[in-house]
Amino acid sequence: MASSSRVAGRSDELHIPPPEISPNSSETSHTRLTPNTDSEESDQDELAIGGEELGGGESYRMRSIRAEENEKLWSEGDSESESGVDKEAGDIEDDRDGGRRRRASMSTVQSYQLYTPDEEREVVRIFDKKLVLFVALLYMLSFLDRSNIGNAKIAGLDLDLELDTVRYQWVITAFYISYISFEWMSVLWKLIPAHIYVTAIVLSWGLVASLQSITTSFAGLLVLRVLLGIGEAGFTGIPFYLSFFFKRDELALRTGYFISAAPLATSFASSLAWAIIKLGKHTPIASWRLLFLLEGFPSVLVAVVAWHIIPDSPSTAPYLTKRQKRVARLRLRSQTSSSTAESRHLSGSDILKTLKSPRIYLTSLIFFLTNLAFSSLPVFLPTIIHEMGHSVSVSQALSAPPYLLSFAVVLLTSYLSDRLKSRSHFIVLHALLSASGYLLLALSPTLGLPPTVRYLALFPASVGFFSVVTLTITWNINNESSESGRGAGFAVMQVIGQCGPLIGTRLYPDEEAPYYVWGMGVCAGSMVVVAVLTTVLREYLRQLNLQGEGREEVEYGKIGEDDRDGTRDGRAFRYYL
């Protein structure tokens with residue numbers, strides 16, 4: 001081995017000399033030492049030299065140090081338990097640089113082995129398969145239970161419960177009032193073990209969604225929608241929860257998996273609603289009651305599974321080996337403070353710092369405007385298509401394709417956003433795409449557009465706002481360096497952003513049929529403003545990065561070594577643009 005070796009660890013540079021290797025050795029200066037066993041000799045995840053913690057992250061770089069530092073290094077700790085370094089009889093001393101210098105033995109170098117890139121990729125793959133897909137399933141169920149009221153309406157709900165336009169709007173609005181009021185529950189992901197929290201909220205919304213099938217009055221349905229909003233409000237913190245398991249430049253794709261479950265659920269709901277309505281015509285149960293029951297009760301069953309699948313932290317995932325749990329924890333050490341990682345406490349100073357930041361409120365306003373469209377179109381789309389002249393069953397079926405395309409585009413956009421480490425460019429692109437679709441719908445009576453063209457305009461409208469929601473959530477989480485800050489910032493964004501549906505759910509009154517010009521125009525304008533605000537926020541964050549105001553030191557040390565995970569100059573937290 002030549003003068004330096006890269007070994008898995010934190011980004012700080014360890015200044016210790018390498019072991020002597022024969023000149024004939026095949027080792028090179030770029031050799032990466034990696035473990036070859038799943039050792040269980042110790043539960044320690046850190047190594048220490050001279051009292052300094054050597055946590056996870058990307059790598060250690062070994063190079064020579066000054067004599068006095070080396071002397072201090074060995075004098076402060078003689079045992080492996082104290083320093084993590086073996087003092088062996090075979091170690092060699094010399095007088096280079098005017099002082100004593102000790103070469104590290106091969107066993108010392110091997111003691112720094114933490115994890116390999118292949119091990120890290122395997123851990124990420126397991127989390128994608130076991131965790132991300134499962135929470136995406138849960139979100140699909142929640143979105144299904146939230147938005148199926150639109151399908152129930154054209155299946156006879158409004159007639160049986162005597163819901164006029166005002167009452168129907170209140171039924172939808174009641175859900176969002178409670179949903180917004182309990183958005184603060186996002187911070188509970190940091191305080192309550194996740195497997196307990198998820199099981200409780202999934203069970204609660206599953207029961208309430210099922211009970212909608214037996215309601216007999218407007219008042220009863222209103223109460224159930226309020227309770228449904230409370231149950232689902234706690235689940236909005238899933239992207240914050242996923243940040244416990246994934247790095248900053250991995251989070252958009254995983255949030256994309258999660259958010260894309262919404263259009264998938266909507267398309268699935270449309271197809272399922274079509275089948276249930278057909279079935280309801282041959283049963284004594286009203287079609288809309290059967291719809292609520294068959295789409296709500298599966299959440300109750302899945303809640304039981306959640307207790308066994310949802311991990312509380314990377315190091316407690318039941319489907320990881322002990323070695324994999326260590327890798328899962330160590331790989332994130334460069335991006336979070338060791339003093340707060342996996343703890344059940346909130347930092348008041350981090351929360352206060354986040355609440356004082358203008359970027360949180362700009363992001364929240366972007367989220368608010370996007371939610372005008374995100375919340376309204378899934379609820380009203382069957383009605384909008386029905387007003388184009390299609391039958392009820394055909395309207396249910398035609399509601400699916402725009403969301404299936406949205407599902408695919410969200411995943412592609414999230415993947416590219418992570419690869420390019422850019423959020424704002426994609427947000428602007430998709431906001432303008434959505435605005436173009438809505439604008440075409442708003443101008444359709446003026447332009448005399450046929451129903452086919454109006455239907456096709458729904459595709460860019462829905463594709464755009466689903467992608468904007470995904471990347472806005474990720475952008476918000478990316479730009480907080482502490483878990484407490486991420487939780488507070490996410491909660492603020494949700495509370496402000498979810499006020500958007502209070503307006504969005506009133507954009508399509510029956511009196512505006514069949515074109516709904518006013519509602520389409522409002523959504524088009526809001527998405528244009530989203531593009532403008534995103535450009536402003538990008539420039540603001542860019543200036544902070546240039547001025548160094550985005551630099552923050554976490555408590556255990558420096559955040560990272562290079563720009564791969566959003567850091568700069570080996571020590572700076574850099575805002576994502």
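We count residues from 1, following the sequence as given.
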**Item:** Test item: R146 side-chain N/O and L141 main-chain N/O as donor-acceptor pair under 3.5 Å
**Value:** no
**Item:** Cationic N near anionic O, under 4.0 Å, E250 to K247
**Value:** no
**N479 CG to T363 OG1 distance, which is reported to the nearest 0.5 Å** = 7.0 Å
**Request:** Keeping the roles fixed (side chain from T470, backbone from G256), state whether a donor-acceptor pair exists under 3.5 Å.
**Result:** no
**Prompt:** Going by heavy atoms in the side chains, are L433 and L429 under 4.5 Å from each other?
**Reply:** no
**Message:** Let me confirm one number: the OG-CG distance from S364 to N476, rounded to the nearest 0.5 Å.
**Reply:** 6.5 Å
**Message:** So does P501 get a backbone contact from the side chain of N371, meaning a donor-acceptor N/O pair under 3.5 Å?
**Reply:** no
**Request:** Indicate yes or no for a side-chain donor-acceptor contact from S178 to the backbone of F175 under 3.5 Å, with no hydrogens or angles considered.
**Result:** yes
**Request:** Could you please spell out the steps behind the side-chain hydrogen bond (donor to acceptor under 3.5 Å, both in side chains) verdict for R329 and S315?
**Result:** CA-CA 6 Å; R329 180 180 176 186; S315 59; 5.4 Å; no
**Request:** Check the pair D118, R121 against salt bridge (Lys or Arg N to Asp or Glu O under 4.0 Å), reporting the backbone distance first and the verdict last.
**Result:** CA-CA 5 Å; D118 286 340; R121 283 190 290 268; 2.3 Å; yes
**T413 backbone acceptor or donor facing S417 side chain under 3.5 Å** = no
**Message:** Working note: D145 + E232, criterion side chain to side chain contact (heavy atoms under 4.5 Å, CB included); need CA distance, chi angles, decisive distance, verdict.
**Reply:** CA-CA 9 Å; D145 293 339; E232 294 199 9; 3.9 Å; yes
**Fill in**
Smallest heavy-atom separation, R423 atom then Y576 atom, equals NH2-CE2, 3.5 Å
**Item:** Full working for side-chain hydrogen bond (donor to acceptor under 3.5 Å, both in side chains) between W205 and S142
**Value:** CA-CA 8 Å; W205 90 54; S142 74; 5.7 Å; no
**Message:** Under a 4.0 Å threshold between the charged nitrogen and the carboxylate oxygen, would K353 count as salt-bridged to D350?
**Reply:** no
**Request:** Please check if the side chain of D249 supplies one atom and the backbone of K421 the other of a donor-acceptor pair under 3.5 Å.
**Result:** no
**Asked** Which atom names give the shortest non-hydrogen contact between I427 and V468, and what distance separates them?
**Response** O-CG2, 3.7 Å
**Message:** Quick check: do I473 and F490 have side-chain heavy atoms less than 4.5 Å from each other?
**Reply:** yes
**Prompt:** Where do C523 and L507 land on the side chain to side chain contact (heavy atoms under 4.5 Å, CB included) test, with the steps shown first?
**Reply:** CA-CA 9 Å; C523 288; L507 292 179; 3.6 Å; yes
**Prompt:** Between atom OG of S484 and atom CG of L352, what is the distance when rounded to the nearest 0.5 Å?
**Reply:** 12.0 Å
**Item:** Minimum-distance pair of heavy atoms, taken over all atoms of R542 and L577
**Value:** N-CD2, 3.5 Å
**Prompt:** For Y415, which residues count as a side chain to side chain donor-acceptor pair (under 3.5 Å) partner, sequence neighbours excluded?
**Reply:** R419
**Asked** Are the side chains of W475 and T534 in touch, meaning some heavy atoms are under 4.5 Å apart?
**Response** yes
**Message:** Would the distance check show the side chain of T255 and the main-chain N or O of P239 forming a donor-acceptor pair, the cut-off being under 3.5 Å?
**Reply:** no
**Asked** If you round to the nearest 0.5 Å, how far is CD1 of I201 from CD1 of I192?
**Response** 9.5 Å
**Message:** For Y197 and W189, take the angle between the two ring planes, folded into 0 to 90°, and tell me which bin it lands in: parallel under 30, tilted 30 to 60, perpendicular over 60.
**Reply:** perpendicular
**Asked** Which atom names give the shortest non-hydrogen contact between V198 and A306, and what distance separates them?
**Response** CG1-CB, 4.0 Å
**Request:** Check whether any side-chain heavy atom of F134 sits under 4.5 Å from a side-chain heavy atom of K129, and report yes or no.
**Result:** no
**Message:** Please check this pair: side chain of Q494 against backbone of A491, looking for a donor-acceptor N/O pair closer than 3.5 Å.
**Reply:** no
**Request:** Would you name the heavy atoms of S186 and T236 that are closest together and state the gap between them?
**Result:** OG-OG1, 3.6 Å
**Request:** Indicate yes or no for a side-chain donor-acceptor contact from D418 to the backbone of L253 under 3.5 Å, with no hydrogens or angles considered.
**Result:** yes
**Message:** With salt bridge (Lys or Arg N to Asp or Glu O under 4.0 Å) as the criterion, how do E119 and R331 come out once you've worked through the C-alpha distance, each side chain's angles and the decisive distance to 0.1 Å?
**Reply:** CA-CA 10 Å; E119 284 182 305; R331 65 185 292 270; over 6 Å; no
**Message:** Are S414 and F426 packed together at the side-chain level, in the sense that at least one heavy-atom pair is separated by less than 4.5 angstrom?
**Reply:** no
**Message:** Tell me whether the rings of F143 and Y139 are parallel (<30°), tilted (30 to 60°) or perpendicular (>60°).
**Reply:** tilted
**Prompt:** Less than 4.5 Å apart, any side-chain heavy atom of I360 and any of T354?
**Reply:** yes
**Asked** Tell me, do S467 and V409 make a side-chain contact under 4.5 Å, heavy atoms counted?
**Response** yes
**Message:** Looking at every heavy atom in both V530 and A431, which two are closest together, and how far apart are they?
**Reply:** CG1-CB, 3.8 Å
**Request:** Could you walk me through whether L224 and L228 pass side chain to side chain contact (heavy atoms under 4.5 Å, CB included), step by step?
**Result:** CA-CA 6 Å; L224 289 174; L228 184 65; over 6 Å; no
**Request:** For the pair F240 and F244, name the ring-plane relationship: parallel under 30°, tilted 30 to 60°, perpendicular over 60°.
**Result:** perpendicular
**Item:** Pair E480 + R359: basic N to acidic O under 4.0 Å
**Value:** yes
**Prompt:** Where do F245 and V132 land on the side chain to side chain contact (heavy atoms under 4.5 Å, CB included) test, with the steps shown first?
**Reply:** CA-CA 10 Å; F245 299 84; V132 177; over 6 Å; no
**Fill in**
dist F368:CZ -> M493:CE (nearest 0.5 Å) comes out at 14.0 Å
**Asked** Is a donor on one side and an acceptor on the other found under 3.5 Å between the side chain of T472 and the backbone of V469?
**Response** no
**Asked** Can you tell if the side chain of I230 reaches within under 4.5 Å of the side chain of Y179, non-hydrogen atoms only?
**Response** no
**Message:** What's the separation between atom CG in N545 and atom OH in Y575, rounded to the nearest 0.5 Å?
**Reply:** 8.0 Å
**Message:** What verdict does the side-chain hydrogen bond (donor to acceptor under 3.5 Å, both in side chains) test give for T316 and S313, after you've listed the backbone C-alpha separation in whole Å, the side-chain angles of each residue and the deciding distance to 0.1 Å?
**Reply:** CA-CA 5 Å; T316 61; S313 66; 3.3 Å; yes
